Each structure stands twice: as structure tokens, then as C-alpha cells.
Amino acid sequence: MHYVKMMEKPIIRKCCNNQLWLVILISFVLCFVLLCFDYSALTGNQDGVTAVLVSNYENPITTQKSESLQFTTSLNETLIRPNRTDFITRQPSKDQQSVKEKPVADSCSGEYIYIHNLPRRFNQELIESCESITVGTERNMCPYLVNSGLGHEVENFEGVLLNKSWYATNQFLLAVIFHNKMKQYKCLTNDSSLASAIYVPFYAGLDVGRYLWGVKASIRDQSSFDFVKWMVSQPEWKKMGGRDHFLVVGRISWDFRRQTDNESDWGSKLRFLPESNNMSMLSIESSSWNNDYAIPYPTCFHPSKDSEVLQWQDKMRRQKRPYLFSFAGAPRPDLQDSVRGRIIEECQASKNLCKLLECSYGVNGAITCDNPGNVMRLFQNSVYCLQPAGDSYTRRSIFDAILAGCIPVFFHPGTAYAQYKWHLPQNYSKYSVFIPVKDVKDWKAGINETLLRIPEERVMSMREEVIRLIPSIIYADPRSRLETFEDAFDLAVKGILDRIDGVRKVIRDGGDPSAGFADGDDFKYTFSGYGGET
């Protein structure tokens with residue numbers, strides 16, 4: 001019995017020892033497995049268990065952890081980021097990658113314009129001394145400078161003008177109007193190195209307007225010399241030698257092309273100075289040189305929104321027109337080649353078919369024809385509006401007629417066809433009638449018979465084209481911007497940018513940018529290539 005008890009104790013002790021070692025061994029194995037798992041996760045191993053995390057990163061829970069980590073890191077940049085985050089960071093989709101790779105398009109590329117900050121004497125001081133601008137005439141320019149150069153508002157004249165977008169605008173202030181509109185241009189830049197064109201706001205027309213009568217040629221030219229001297233000293237000039245520069249004037253180009261120093265000759269010689277010759281000039285009438293471009297005369301209609309344009313066009317479509325043709329103007333007995341006298345004679349002889357509005361120099365003429373209500377009433381009541389040349393080839397009445405929905409009748413190609421190529425259709429028969437008169441001595445116009453022969457269908461088509469052109473020949477209010485229409489300013493800017501871009505292309509191709517840039521065109525104002533009504 002005692003022996004048996006003695007034998008049980010070692011057996012029990014041995015079994016316990018075996019069980020203890022088994023527990024230790026199992027615990028060790030479990031710890032080792034857990035240790036391997038944790039190590040793989042920390043090192044980002046793509047094998048084994050970690051692959052589950054990589055393959056399941058789309059799981060909402062994992063995504064939520066990713067966003068949480070990114071948000072926390074953005075708040076505290078001192079946190080240590082993991083070496084690899086591909087298992088918790090969502091890769092961009094193909095659509096996102098394509099959007100990211102596409103550069104943002106610059107809507108103003110190729111359209112940037114830089115405005116030169118000229119000394120005040122070349123623009124602002126001229127406005128401040130407005131009473132001296134038109135010495136030698138009966139007019140005082142100062143009242144026309146209000147409302148950004150548009151002049152005073154004109155009341156609705158007997159229902160003729162329809163709305164409050166009408167002003168007593170002076171044609172010589174085009175430079176001021178253009179400058180004010182340029183200040184609102186959508187693609188202005190303060191960095192001239194980005195500019196596709198350099199706008200130079202020199203009011204050359206207002207400057208020369210002070211010295212046109214009884215003043216020495218040297219005085220008339222002084223501002224021009226000072227202007228080009230300042231221009232060539234600027235860094236912008238060196239880029240293209242001035243061929244990317246342009247200015248705008250409210251007078252005809254001939255006023256700046258005096259070819260001699262005779263005191264009796266008209267105007268200044270600004271455009272014959274070598275430096276100025278490298279620039280382009282926009283004016284109400286171009287010369288026969290290639291660096292002069294014509295843009296429309298300013299009318300008295302300056303809408304501030306698209307609805308005003310549409311409303312006016314609709315009114316012109318519905319307008320009754322009792323007169324076959326009309327003429328607003330005065331004879332030019334001192335001009336031997338003028339056809340105006342013969343036109344007035346035909347109009348008076350046509351009785352009820354023609355309406356005449358006589359405009360003469362002096363106070364009476366200013367009251368009669370400077371009132372937009374008088375002119376608009378005449379042209380709105382006419383199917384055709386006669387547009388003979390005046391003191392020069394062109395006249396503001398061209399654009400008053402188009403504004404009134406009246407089909408213009410021209411007698412010389414230099415009055416419109418060779419001029420406003422950025423603003424009027426190249427196919428001139430779409431919107432006008434041409435009765436060529438090369439020599440008034442051979443007058444065979446027969447205006448009545450010529451106009452009456454035109455089919456009604458063509459008359460309606462021409463009138464609709466004229467009405468469609470209205471937005472392109474007006475200057476919208478500089479204090480606002482049209483949304484869907486391009487006005488005369490917009491088309492002028494587009495035209496000069498194309499012109500300068502063409503010069504750049506010549507340079508890129510290794511050509512001479514001066515070749516043809518300022519050459520004269522002796523055939524510009526000839527009748528060659530223009531067919532008239534028969």
C-alpha cells in the first residue's frame with residue numbers, strides 16, 4: 001500500500017511537466033505567427049495575408065480609413081507619413097487622369113492687348129483743353145465729351161429713336177470712344193510681353209484739329225515728332241520695330257499725310273514719319289497706303305445691352321417706307337467732280353419718289369443734320385439712301401442709313417467698298433446698289449429708272465442684310481458690353497490682331513516684315529473690278 005502511493009507521485013509529476021511544456025510550445029507558436037503577421041503588415045509585403053488588404057482597398061471601411069488619414073495629415077503636417085500608401089490611397093480613374101493631363105486653355109491666347117501709358121499731353125490734356133480743338137469752326141467740342149465721349153443723351157424724337165440709347169455723338173471723337181471701350185476689353189494685359197498687339201491711345205485727330213487753320217506746318221507737326229520720339233524709346237517698340245502697334249483717330253487718314261512742308265498744304269505729316277510708318281492706324285477713312293485701315297464712323301446709337309439692338313432691328317423690319325430714295329446733304333459747288341449737285345437735281349425732279357434733307361454749313365445746317373432724329377426719320381421712310389462722296393470719299397451718312405435699315409446707293413467704290421473690309425460684306429451687291437459715276441460730265445445715272453428696275457425680291461433681301469449689319473457698324477456704350485453681338489469695336493480689334501499675326505508669320509518664316517507693310521496701292525480707289533447696275 002505504501003509502495004503504491006510512492007509510485008503515484010512521480011507519475012503525476014511527470015504528466016504535469018509534459019502538459020506544461022505543451023502549453024509553452026503552443027503559446028510560442030501562436031506568438032511567432034502573430035509576430036510574422038504584424039511584421040508583414042508594417043513592411044507592406046504584397047505576399048500572404050497582406051494581399052487581402054491590397055485586393056480589398058475598394059472596401060468602404062478601408063476607403064474611410066484612407067480619407068481619415070489624409071484629412072488628419074492635412075491638419076497636422078508634422079505627422080510621419082507611411083513610406084507606402086498604395087494600399088490605402090485610391091488611384092485616379094481614367095477620366096480623372098485625362099482631365100488632369102489636359103492643360104487649361106487660355107481663352108485670351110493670341111488676343112491679349114497692352115495699352116501704352118502715354119504722357120498726358122498726348123490724350124488727357126487734349127480733352128481738358130477741348131475748347132481749342134476746333135478753332136476755325138463754329139462748333140465747341142466740349143459738350144460732346146460727356147458720357148465717355150458719346151455726348152449728351154438725345155430724347156426720343158417723335159417716337160423715331162425708340163429708346164434711350166441715343167446720344168449727340170461727334171464723329172471726331174472716335175479716338176476717345178475707342179479708348180474708353182478698350183479699357184473694358186476682355187483680354188487686356190499689364191504684361192506687354194504677353195501682348196499680341198500694343199494699343200497707343202494718342203488722340204492725333206484732336207491734336208491736329210487745333211492747328212488746321214492758319215497755323216505753320218512746323219507747329220502742326222510738333223506733337224507728331226514728340227510722339228514718335230517717345231514711342232521708340234519704349235522697350236515694347238524693340239520687339240517688332242513698332243509693327244505690332246496701332247492707334248485710332250477720328251479723322252480721315254489724309255489729314256495725317258501732308259507730303260510737303262508748304263504752309264498752304266492741309267494737315268500734319270504724322271503718317272510719313274519713318275517711325276509712324278511702322279505702325280497701323282485705324283480711322284474713319286483710310287488712305288491708299290497699306291498701313292491705314294478704315295473703321296465705321298460713330299453713329300448716335302450706342303446700346304448698352306443686346307435687347308436694345310434686337311428691339312431696334314425689329315422696328316426697322318416693320319418700318320413703312322413711302323419714299324423710293326432720299327438724300328441728306330448739301331451741294332459742293334466748289335468741287336468740280338462732285339455728283340451731289342446732279343443728285344439733288346434728280347431728287348427734286350422726282351417729286352414724291354424722293355425726299356431731300358438739305359444740310360448746309362453754319363448754325364442752320366448744324367441744327368438740321370446734326371439732330372439724329374431728323375436724319376433717322378428721313379432714312380427710316382426711304383427704301384434707298386443716296387451716298388455720294390463728300391469732301392472726301394466717305395461720309396457718316398453711310399452708317400446712319402444702314403442703322404435705319406435703308407439700302408445705301410454708292411457712286412464711287414472708295415466710299416465704302418474699298419474702305420470698311422472688316423465690317424461690310426465683300427459681296428457688296430448683297431447690301432447696296434452701285435451706280436458708277438466716273439465723270440460727272442458724263443452723268444447718265446437715271447436714279448429713278450435704275451432703282452425701279454430692281455426686283456422686289458432683291459430689295460427685300462438687301463434690306464434684311466442691311467438690318468443684319470446693324471450690330472457690326474455701331475459702337476456699343478463703353479460703360480457696358482454686349483453679350484452676343486460683335487460691334488464695330490470688336491470687329492476692328494479682331495481685324496488688327498489678324499493683321500499683326502500675319503506680320504509675325506512673315507517673321508517666323510524668315511521673311512521681311514517691312515515688305516508691303518506700308519506700301520501705297522494706286523488701284524485701291526479705281527473703278528476696276530466693280531460692276532454697277534445697268
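Just so it is clear, the model here is predicted, and its values are computed rather than measured.
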Between [X] (side chain) and [Y] (backbone), is there a donor-acceptor pair under 3.5 Å?
| X | Y | answer |
| --- | --- | --- |
| D265 | R258 | no |
| R321 | F379 | yes |
| N170 | Y144 | no |
| Q426 | K421 | no |
| N291 | N277 | yes |

Would you please indicate if the ring centroids of [X] and [Y] are separated by under 6.0 Å?
| X | Y | answer |
| --- | --- | --- |
| F489 | Y475 | no |
| Y185 | Y199 | no |
| W289 | F272 | yes |
| Y525 | H412 | no |

Suppose we screen for side-chain contact (heavy atoms from CB on, under 4.5 Å). Which residues come up paired with [X], at least two apart in sequence or across chains?
| X | answer |
| --- | --- |
| T526 | F523, S528 |
| D512 | S514, A515 |
| Q311 | L162, N163 |

query: Got a sec, which pairs hit disulfide bond (SG atoms under 2.5 Å apart) with one end in residues 403-437, sequence neighbours left out?
result: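 As it turns out, the disulfide bond (SG atoms under 2.5 Å apart) pairs with a partner in residues 403-437, which skip direct neighbours, are C385-C406.
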task: With sequence neighbours left out, write down each residue that passes salt bridge (charged side-chain N to carboxylate O under 4.0 Å, His left out) with K430, or none if nothing qualifies.
output: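 Expected list: none.
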- prompt: Listed by chain and number, what are the salt bridge (charged side-chain N to carboxylate O under 4.0 Å, His left out) partners of K269, not counting sequence neighbours?
  reply: D261
query: Would you call E111 and K494 a salt bridge, using N to O less than 4.0 angstrom?
result: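 K494 and E111: not salt-bridged.
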statement: From the list I398, L174, T394, side chain to side chain contact (heavy atoms under 4.5 Å, CB included) with Y297 holds only for T394
- prompt: Any idea how Y417 and Y530 line up, ring-wise: parallel (<30°), tilted (30 to 60°), or perpendicular (>60°)?
  reply: parallel
